[in-house]
Amino acid sequence: MRSAGLPIGLLRQDKILLTTEEFFALYGGIAEVSRDPAIGLKLGTEDRMERYDPIAIAAVCTRSFRDAIDRVGRYKQLTCPEKIALVERGNDSTVHFAWLLAHEEEPALLVDVCFAWILSIARRGTGRSIHPKRVEFQRPEANRAMYEKHFQCPIKFRAARNVLVFNKADMDVPFVTYNADLLAAVAPQLEAELKQQLAEKNLREQVKGTLKQLLAGQRPGIHDVARELRLSTRTLQRRLTEDGATFQQLMEEARRELARHYLLHSALELNETAYLLGYEDANSFFRAFHDWEGTSPGHWRTQHVLSA
């Protein structure tokens with residue numbers, strides 16, 4: 001904690017609430033104190049289910065790896081402003097983590113923890129030695145043999161983004177740990193906490209936050225958002241009207257905010273950014289971005305990265 005520049009008693013509270021900056025600093029401090037290049041992989045790999053947190057328990061109790069990713073993406077909102085997206089193209093299923101409120105790149109150690117954690121859930125749930133097709137890191141090359149041994153796949157350094165890429169067929173492998181009764185015991189509490197957290201936000205922020213979670217190569221409709229917020233479509237539409245907002249307006253705001261984030265904090269190609277924002281093609285994204293910012297995405301990125 002001292003290395004991270006954080007108060008020593010911060011993690012002794014009943015409920016730990018850290019900002020993104022504090023969270024990043026904490027993992028930076030762990031890396032500095034440990035000096036073990038494998039510490040992130042070790043922290044992200046837990047073989048004893050009794051040590052799993054409620055989110056991990058809910059994940060391994062689902063029917064498949066795909067369901068587990070969905071659960072993790074939904075409940076991670078309770079612990080940090082993190083988006084976990086599953087994007088599928090052809091035979092690739094790509095798991096991508098995005099820190100929505102970050103003003104800097106996430107620490108390499110935190111990336112290792114997240115990737116190892118996802119892989120640990122996949123292996124625990126399926127009972128198989130599942131491994132990605134490849135792992136992509138934005139960082140310069142280091143410790144290649146260590147990562148290849150852990151993930152059992154090729155490792156790409158200096159990539160455009162930090163991602164795990166699995167075979168699409170792996171997503172639907174049934175979980176041998178599927179347990180409907182245990183899931184029914186754990187999920188309601190997580191749903192209740194999520195509902196309380198959402199209730200503390202105004203409706204506009206709830207809708208935009210939900211859209212940001214759902215936007216990943218698709219264009220969610222109002223019925224999708226209503227389902228996530230546990231409202232009927234009619235009720236959500238009525239409440240938005242009473243609030244003087246439209247669903248399309250909030251969709252554009254969510255896309256604009258996410259577009260700014262992706263352009264500033266990732267090296268995604270512009271066509272990949274367009275895809276993640278749910279546009280049918282890059283030209284549609286370029287036109288929308290020009291309407292928002294008065295310039296092209298590439299020029300905007302160049303200007304703001306240089307000024308930063």
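On a predicted model such as this, the values are computed, not experimentally measured, just so you know.
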Closest approach of Leu119 and Ile130, non-hydrogen atoms and distance? CD1-O, 3.4 Å
If you take all heavy atoms of Arg219 and Arg255, which pair is closest and at what distance? CD-NH2, 3.8 Å
For residues 27-59, the ring-ring contact (aromatic ring centres under 6.0 Å, His included) pairs (sequence neighbours left out) are Phe23-Tyr27
Listed by chain and number, what are the side chain to side chain contact (heavy atoms under 4.5 Å, CB included) partners of Ala187, not counting sequence neighbours? Arg71, Tyr75, Leu183
Check Gln213 against Ile84 and note the closest heavy-atom contact, atom names and distance. OE1-N, 4.4 Å
From Lys149 NZ over to Ile155 CD1, what is the distance, rounded to the nearest 0.5 angstrom? 14.0 Å
Quick one: does Arg230's side chain get under 4.5 Å of Glu191's, heavy atoms only? yes
In Å, rounded to the nearest 0.5 Å, how long is the span from CG of Asn283 to CG of Leu270? 11.5 Å
Group every Ile, Leu, Val, Met, Phe, Trp and Tyr by side-chain heavy-atom contacts under 4.5 Å, then state whether Val186 and Val176 land in the same group. no
Verify the cluster assignment for Leu211 and Tyr262: are they in a single hydrophobic cluster under the rule of side-chain heavy atoms below 4.5 Å apart? yes
Leu277, Val163: one ILVMFWY side-chain cluster at the under-4.5 Å cut-off? no
Does the side chain to side chain contact (heavy atoms under 4.5 Å, CB included) test come out yes or no for Leu194 and Arg74, once each step is laid out? CA-CA 9 Å; Leu194 188 59; Arg74 178 170 177 78; 3.6 Å; yes
Is there a salt bridge (Lys or Arg N to Asp or Glu O under 4.0 Å) between Arg66 and Glu88 once you walk through the steps? CA-CA 11 Å; Arg66 183 187 305 281; Glu88 296 185 312; 2.9 Å; yes
Any side-chain heavy-atom pair from Leu86 and Met171 closer than 4.5 angstrom? yes
Residues Thr210 and Glu228: side-chain donor-acceptor under 3.5 angstrom: no
From CZ (Arg238) to CG (Asp243), nearest 0.5 Å: 12.0 Å
Establish, from distance only, whether the side-chain atoms of Asp112 and Tyr147 form a donor-acceptor pair under 3.5 Å. yes
Identify the heavy atoms of Val60 and Arg124 that sit nearest to each other, and give their distance. CG1-CG, 4.2 Å
Apply the test side chain to side chain contact (heavy atoms under 4.5 Å, CB included) to residues Leu276 and Glu272: give CA-CA distance (whole Å), side-chain angles for both, the deciding distance (0.1 Å), then the verdict. CA-CA 6 Å; Leu276 286 175; Glu272 291 181 298; 5.6 Å; no
With respect to Lys208, which candidate in Gln249, Glu253, Met251 satisfies the side-chain contact (heavy atoms from CB on, under 4.5 Å) definition? Glu253
Pairs meeting criterion ring-ring contact (aromatic ring centres under 6.0 Å, His included) with involvement of residues 166-188, two or more places apart: Phe65-Phe166
Using the rule given for side chain to side chain contact (heavy atoms under 4.5 Å, CB included), can you reason through Met146 versus Leu41, listing the C-alpha separation, both sets of side-chain angles and the distance that settles it, and then say yes or no? CA-CA 10 Å; Met146 178 187 75; Leu41 302 179; 4.2 Å; yes
Minimum heavy-atom distance between Pro132 and Cys153, given as atom pair plus value: O-CB, 3.0 Å
Distance (rounded to the nearest 0.5 Å) between His96 NE2 and Arg161 CZ: 6.5 Å
Counting neighbours of CZ on Arg128 that are heavy atoms of other residues, nucleotides or ligands and sit closer than 6.0 Å, is the number greater than 12? no
Test of understanding: clusters of I, L, V, M, F, W, Y form through side-chain heavy atoms closer than 4.5 Å, transitively. Do Val165 and Tyr275 belong to the same one? no
Is there a path of hydrophobic side-chain contacts, each under 4.5 Å between heavy atoms of I/L/V/M/F/W/Y residues, joining Leu43 to Val33? no
Salt bridge between Asp92 and Lys168, side-chain N to carboxylate O under 4.0 Å? no
Heavy-atom check, side chain of Asn162 versus side chain of Phe115, under 4.5 Å: yes
Is a donor from one side chain sitting under 3.5 angstrom from an acceptor on the other, for Ser129 and Gln152? yes
Can any side-chain N or O of Asn179 pair as donor or acceptor with the backbone N or O of Asp181 at less than 3.5 Å? yes
How about CG on Asp172, more than 12 heavy atoms from neighbouring residues, nucleotides or ligands closer than 6.0 Å, or not? yes
Does this structure show an ion pair linking Lys212 with Glu257, if we count only N-O contacts that are shorter than 4.0 Å? yes
For Arg63, look at atom CZ and say whether over 12 heavy atoms of other residues, nucleotides or ligands are found less than 6.0 Å away. no
Kindly write out the residues that satisfy side chain to side chain donor-acceptor pair (under 3.5 Å) with Glu46, not counting sequence neighbours, or none if the list is empty. none
Counting C-beta onward and ignoring hydrogens, is there a side-chain heavy-atom pair between Val207 and Leu229 closer than 4.5 Å? yes
Check whether any side-chain heavy atom of Ser64 lies under 4.5 Å from a side-chain heavy atom of Thr62, and answer yes or no. no
Starting from the C-alpha separation in whole Å, work towards a yes-or-no answer on side chain to side chain contact (heavy atoms under 4.5 Å, CB included) for Val225 and Leu214. CA-CA 8 Å; Val225 174; Leu214 296 176; 4.2 Å; yes
Is any side-chain heavy atom of Val135 less than 4.5 Å from a side-chain heavy atom of Lys156? no
Nearest heavy atoms of Ala68 and Ala59, plus distance in Å: CB-O, 3.4 Å
Would Arg260 count as a cation-pi partner of Phe289, with NZ or CZ less than 6.0 Å from the six-membered ring centre and within 45° of the ring normal? no
Would a 4.5 Å heavy-atom cut-off, applied to side chains only, mark Arg256 and Trp292 as touching? yes
Under the criterion side-chain contact (heavy atoms from CB on, under 4.5 Å), which of Val111, Ile118, Leu110 is the partner of Cys114? Leu110
Can you find a pair of side-chain heavy atoms, one from Leu109 and one from Ile30, that are under 4.5 Å apart? yes
Sequence neighbours left out, what passes ring-ring contact (aromatic ring centres under 6.0 Å, His included) with Phe157? Give chain and number order. Phe137
Give, for atom OG of Ser284 and atom CZ of Arg287, the distance between the pair rounded to the nearest 0.5 Å. 4.5 Å
Please check this pair: side chain of Asn167 against backbone of Asp170, looking for a donor-acceptor N/O pair closer than 3.5 Å. no
Within 45° of the ring axis of Trp117 and under 6.0 Å from its six-membered ring centre, is that where the NZ or CZ of Lys42 lies? no
What pairs with Tyr279 under ring-ring contact (aromatic ring centres under 6.0 Å, His included), at least two apart in sequence or on another chain? Phe285
Check whether more than 12 heavy atoms from other residues, nucleotides or ligands sit under 6.0 Å from atom CD of Gln248, and answer yes or no. yes
